[in-house]
Amino acid sequence: MEGEPTRLMIAVNESTIKGYPHPSISSKGALDWTLQKIVRSNTSGFKILFLHVQVPDEDGFDDMDSLYASPEDFKSMKYRDRARGLHLLEYFVNRCHEIGVACEAWIKRGDPKEQICYEVQRVHPDFLVTGSRGLGPFQRVFVGTVSEFCVKHAECPVITIKRSADETPQDPVDD
């Protein structure tokens, strides 16, 4: 539709090095690249949709060192996790507002690759941008890659942004 802003979704996650609320190197890189190479000075021509998927711990407990003595303890744990995700998204929303780009942000819970593809199907962005750690074939077998899955399964064009060599930590699995 003419006059409608281009809607682009960026999948973001927290830093595995610093944890919440710090964004990962790949997520920051995906946003920076998108703003520099796609949005440029046409801030009114785009709407950025930020999606953060929180991964529940396999056994259902995110914090094994905590004491759970009442139902309220579990409610506070869920609130804490949601608050962490909101603080992460706050970084991205603030960046957009600083330069005048419209945006929305939300959190889902589950397997990131599946949730991202589901949200693409649900909200129909014009394209999806994901960061990529640039893992080698051996590491991909053990760690997996969300961006590779999205390229194959998302129902829209997907752009993956690799980290620059100077941003890659000693262990490339870290982000």
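As the structure is a prediction and not an experimental result, all values here were calculated from the model. Throughout, residue positions are numbered sequentially from 1 according to the sequence presented.
- A side-chain contact (heavy atoms from CB on, under 4.5 Å) with I159 is found for exactly one of I38, I10, T130, namely I38.
- Note: H22 NE2 to K28 NZ = 9.5 Å, rounded to the nearest 0.5 Å.
- Residues V93 and L8 fall into different hydrophobic clusters, defined by Ile, Leu, Val, Met, Phe, Trp and Tyr side chains chained together at heavy-atom separations under 4.5 Å.
- Distance CE/M9 to OG1/T34: 13.0 Å, rounded to 0.5 Å.
- None of Q121, R122, Q115 except one satisfies the side chain to side chain donor-acceptor pair (under 3.5 Å) rule with E119; the exception is R122.
- Atom CG of D32 is separated from atom CD1 of I161 by 10.5 Å, given to the nearest 0.5 angstrom.
- Within the structure, the ring pair (Phe, Tyr, Trp, His ring centres under 6.0 Å) test picks out no pair touching residues 99-124 (sequence neighbours left out).
- The CZ atom of F92 sits 11.5 Å away from the CG atom of L51 when rounded to the nearest 0.5 Å.
- The NE2 atom of H52 lies 10.0 Å from the OG atom of S24; values are rounded to the nearest 0.5 Å.
- Remark: the backbone N or O of E14 is not paired with any side-chain donor or acceptor of R84 at under 3.5 angstrom.
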Derivation and outcome, side-chain contact (heavy atoms from CB on, under 4.5 Å), residues C103 and H97 = CA-CA 8 Å; C103 66; H97 280 266; 4.0 Å; yes
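- Residue C150 holds its SG atom at 10.5 Å from CD of E114, rounded to the nearest 0.5 Å.
- In terms of modelled atom types and a separation under 3.5 Å, the side chain of S27 and the main chain of N13 share a donor-acceptor contact.
- The shortest non-hydrogen separation linking I107 to L86 is CD1-N, 3.6 Å.
- Both V158 and V123 are members of a single hydrophobic cluster when ILVMFWY side chains are connected at heavy-atom separations under 4.5 Å.
- Taking hydrophobic clusters as Ile, Leu, Val, Met, Phe, Trp and Tyr residues chained together by side-chain heavy-atom distances below 4.5 Å, L88 shares a cluster with Y91.
- Side-chain atoms of T6 and D126 include no donor-acceptor pair closer than 3.5 Å.
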Kindly determine whether L31 and F50 satisfy side-chain contact (heavy atoms from CB on, under 4.5 Å), including the steps that lead there.
-> CA-CA 10 Å; L31 176 60; F50 293 106; 3.9 Å; yes
